[in-house]
Amino acid sequence: MTGERRGSGGWDSVLAHEAHAVAPGGEWRSELWRVAVAQFDAAADLLGLDPDARTRLLEPRRAIVVNLPIRRDSGEMQSLTGYRVQHTFALGPTKGGVRYAPGVSLGECAALALWMSLKCALLGLPFGGAKGGVRCDPNRLSEAEMERVTRRFASELVPVIGPDQDIPAPDMATGEREMSWFMDTYSQHVGHPTPGIVTGKPVVLGGTAGRRAATGLGATICAEATLERLGRSLASSRVAIQGFGNVGAVIATEMAKRGATVVALCDVSGGVLAPDGIDVEAALSWVAENRFLRGFPGGVPCGREEMLETPCEVLVPAALECQVTAANAGRLECDLIVEAANGPTTPEADEILYKNGVNVIPDFLCNAGGVTVSYFEQVQNTYNYYWTLEDVYKQLDAKMTKAYHAVYETAQKHKVHGRQAAYMVAVARVAEACKLRGWV
Ligand code: NAD
C-alpha cells in the first residue's frame with residue numbers, strides 16, 4: 001500500500017478525471033507515512049477492521065502549515081516552515097512533540113501523529129496523537145535564533161492548541177528550554193499563566209519530577225522485561241546506542257547503571273566503539289563540554305552506519321527514523337532491538353529481523369515513557385498539586401508494565417510479532433472509541 005490511496009471509490013473516480021488531481025491522502029506522502037500505512041494495514045487486516053473504520057482512523061483530522069519569518073543574528077531575514085498535525089480527538093485532546101530537524105515535513109508529522117495516537121491508546125492515556133516541528137538545522141542556530149523560532153512557532157499555533165485541545169512536548173532538538181519559551185509565549189497571548197499548554201517544562205515552571213529521564217527509563221524497563229523473558233539480563237548484555245541526546249544518553253546511563261556494557265555510542269558527528277565498555281559518565285561530560293561525541297577519547301572512532309552492525313546483544317536506535325532497512329537488517333549482530341526512536345525500522349527490515357529471530361520492542365511501546373510522564377505532568381498542572389519523584393516512577397513503572405504485558409499476551413495469543421501485537425491493541429482501542437462516539 002502507498003500513502004496515496006484512501007477515500008471511497010466515488011471520490012477516486014471523480015478525481016481521476018482531473019489531470020492534476022492529487023490522490024486521496026497524497027498530502028501525507030513521505031517514507032515515514034508509507035511505513036506507518038503499511039504497519040497500520042497489516043494490523044487492520046489481523047483485526048478484520050471494516051473499511052469505514054480504517055478510513056476514519058488512518059488519516060489525520062487536521063494539519064496546519066505555517067511560515068516563520070525569522071531574523072538571523074546576521075540581520076538577514078529567513079523563512080522557515082513549521083507544521084502541526086493533529087491525528088484524532090477520539091480519546092481526548094491531542095498530544096505530541098515538537099521537533100526541529102532538516103527532514104521535518106507534513107508527511108513525517110502525519111506518520112508521527114498517528115503513532116502518538118496509538119501510543120496514547122496503548123498506554124491507556126486520555127489523549128489523541130499530534131506531532132509538529134520546524135524544518136531547520138538546529139545545529140546551525142544560535143540560542144537567540146532558537147528562541148525566535150520557538151516563540152514565532154508558538155504564536156502561529158495559538159489558535160489550534162490549548163490544554164483542552166492540543167498539548168505540545170519536547171522531541172528532537174527541543175527540551176525544557178524550548179518548552180519554557182513556548183509556555184511563556186502562549187501565556188502572553190491568552191493573558192494568564194497556562195503551564196498546562198506544554199509538557200516537558202522545567203520543574204520550577206510547573207514541570208514534573210522525572211520527565212527528563214522518562215522516555216529512556218521506560219525503554220530500559222521494556223528492555224529489562226524482554227531480556228528476563230528470554231532468560232537474560234542487562235548485566236550480561238553488550239549494548240550499542242545510536243543517538244546520544246535526550247533519550248539515548250538516559251538509556252546509556254540507565255543501562256550502564258544496571259550492569260550493561262555499553263560497547264558503541266554515536267551521535268550526528270560520528271561514533272565510538274569500545275568492546276570492553278565505554279565510560280558513559282565520561283562521554284556525557286565530553287558532550288557537555290564539546291556539544292558532540294566527535295573526538296571523545298574513550299574508544300575507537302567509527303562511522304554512524306558501521307556502529308549499527310557492532311556485535312552486541314542489545315541495539316538501541318535512539319536518533320532517527322528508517323535506520324534499520326532491508327539493506328542492513330540482515331547484517332545486524334544483535335538479539336534485541338530496543339526502538340527508542342520513532343519509526344527506526346522499515347516494514348521490509350521487520351520481515352528480515354523476524355525471520356532471523358531478532359526480537360524487537362516496537363517504538364510506540366518502547367518510547368511511551370515520555371508521553372506517560374507528560375500525562376502525569378498535565379494532571380499535576382490541572383490540579384496544581386505536584387507529586388514526588390517516587391510517585392512518578394511508581395506510576396510510570398505500573399503503566400509501562402501493564403502495556404508491555406498487553407502487547408506480549410496479544411503476540412502469543414495471535415502468534416504475531418511485537419509490533420503487530422502493539423498495533424492490534426492500540427488500533428482496537430481507538431476503533432472502539434470511534435464506534436462509541438458514533439463516528440463509524
Ligand atoms: P535529541 O535531539 O535530544 O537527540 C538526538 C540524537 O541523535 C543526538 O545525539 C543527535 O546528534 C543524534 N543524531 C542525529 N542525526 C543522527 C544521525 N544521522 N546518526 C546518528 N545520530 C544522529 O532527540 P531525542 O529527544 O533524544 O529523540 C530521539 C528519538 O526519540 C526521536 O526519534 C524522537 O522522536 C524519539 N522520542 C523522543 C522522546 C522524548 O521524550 N524526547 C519521546 C519519544 C520518542
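When a ligand or atom number is given, it counts from 1 through the structure's own listing order.
Residue, atom and distance of the protein heavy atom nearest to atom 4 (O) of ligand 1 are G245 CA, 3.3 Å. With hydrogens left out, the protein atom closest to atom 14 (C) of ligand 1 is V268 CB, 3.7 Å, a heavy atom. Looking at atom 23 (O) of ligand 1, its nearest protein heavy atom turns out to be M172 CA, 3.5 Å. Looking only at protein heavy atoms, the nearest one to atom 9 (O) of ligand 1 is F244 N, 3.0 Å. For atom 29 (C) of ligand 1, the nearest non-hydrogen atom of the protein is A319 O, 3.4 Å. Shortest contact from atom 28 (C) of ligand 1 to any protein heavy atom: A318 O, 3.4 Å. Of the protein's non-hydrogen atoms, A173 N, 2.8 Å is the one closest to atom 2 (O) of ligand 1. At the top of the distance list for atom 26 (O) of ligand 1, counting protein heavy atoms only, stands V247 N, 2.9 Å.
The side chain to side chain donor-acceptor pair (under 3.5 Å) analysis of residues 118-130, with sequence neighbours excluded, yields the pairs K119-N367.
There is a side-chain donor-acceptor pair under 3.5 Å between S155 and H189. R211 and S374 share a side-chain donor-acceptor pair at under 3.5 Å. Side-chain contact annotation: R419 with Y354, donor-acceptor N/O pair under 3.5 Å absent. Checking R61 against Q86 by side-chain atom types alone, no donor-acceptor pair falls below 3.5 Å. A side-chain N or O of N381 and one of Y386 form a donor-acceptor pair less than 3.5 Å apart. Between the side chains of T345 and E339, at least one donor N or O sits under 3.5 Å from an acceptor N or O. W115 and Y423 are linked by a side-chain donor-acceptor pair at a separation below 3.5 angstrom, with hydrogens and angles left out of the test.
At a heavy-atom cutoff of 4.0 Å, ligand 1 is contacted by no atom of M116, backbone or side chain. Under 4.0 Å from ligand 1, the heavy atoms of A340 that appear belong solely to its backbone. The part of L320 lying near ligand 1 is the side chain, judged by heavy-atom distances below 4.0 Å.
Close approach to R304 involves these atoms of ligand 1, each under 4.0 Å from a residue heavy atom: 17 (C), 18 (N), 19 (N), 20 (C). Contact atoms of ligand 1 toward D267: 9 (O), 11 (O), 20 (C), 21 (N), 22 (C) (distance under 4.0 Å to a heavy atom of the residue). The atoms of ligand 1 that sit less than 4.0 Å from any heavy atom of R211 are 40 (O). The atoms of ligand 1 that sit less than 4.0 Å from any heavy atom of C266 are 20 (C).
When N367, V373, L293 are checked for heavy-atom proximity to atom 43 (C) of ligand 1, N367 turns out nearest.
Put simply, the side chain of R304 never gets that close to the backbone of G270: no donor and acceptor are under 3.5 Å apart.
The N/O atoms of N246, backbone and side chain alike, include one that comes under 3.5 Å of an N/O atom in ligand 1. For ligand 1, the polar-atom distance check against Q323 finds no nitrogen or oxygen pair separated by under 3.5 Å. Considering both main-chain and side-chain atoms, D171 comes within under 3.5 Å of ligand 1 through a nitrogen or oxygen pair.
Legend: residues meeting side chain to side chain contact (heavy atoms under 4.5 Å, CB included) with P202, ordered by chain and number and at least two apart, are E176, S180, V204, L205.
Heavy-atom distances between R99 and ligand 1 reach below 4.0 Å in at least one pair.
R151 and D184 are joined by a salt bridge, as a carboxylate oxygen and a charged side-chain nitrogen come within less than 4.0 angstrom of each other.
The salt bridge (charged side-chain N to carboxylate O under 4.0 Å, His left out) test with E108 singles out one residue from K131, R135, R29, R99, and that residue is R99.
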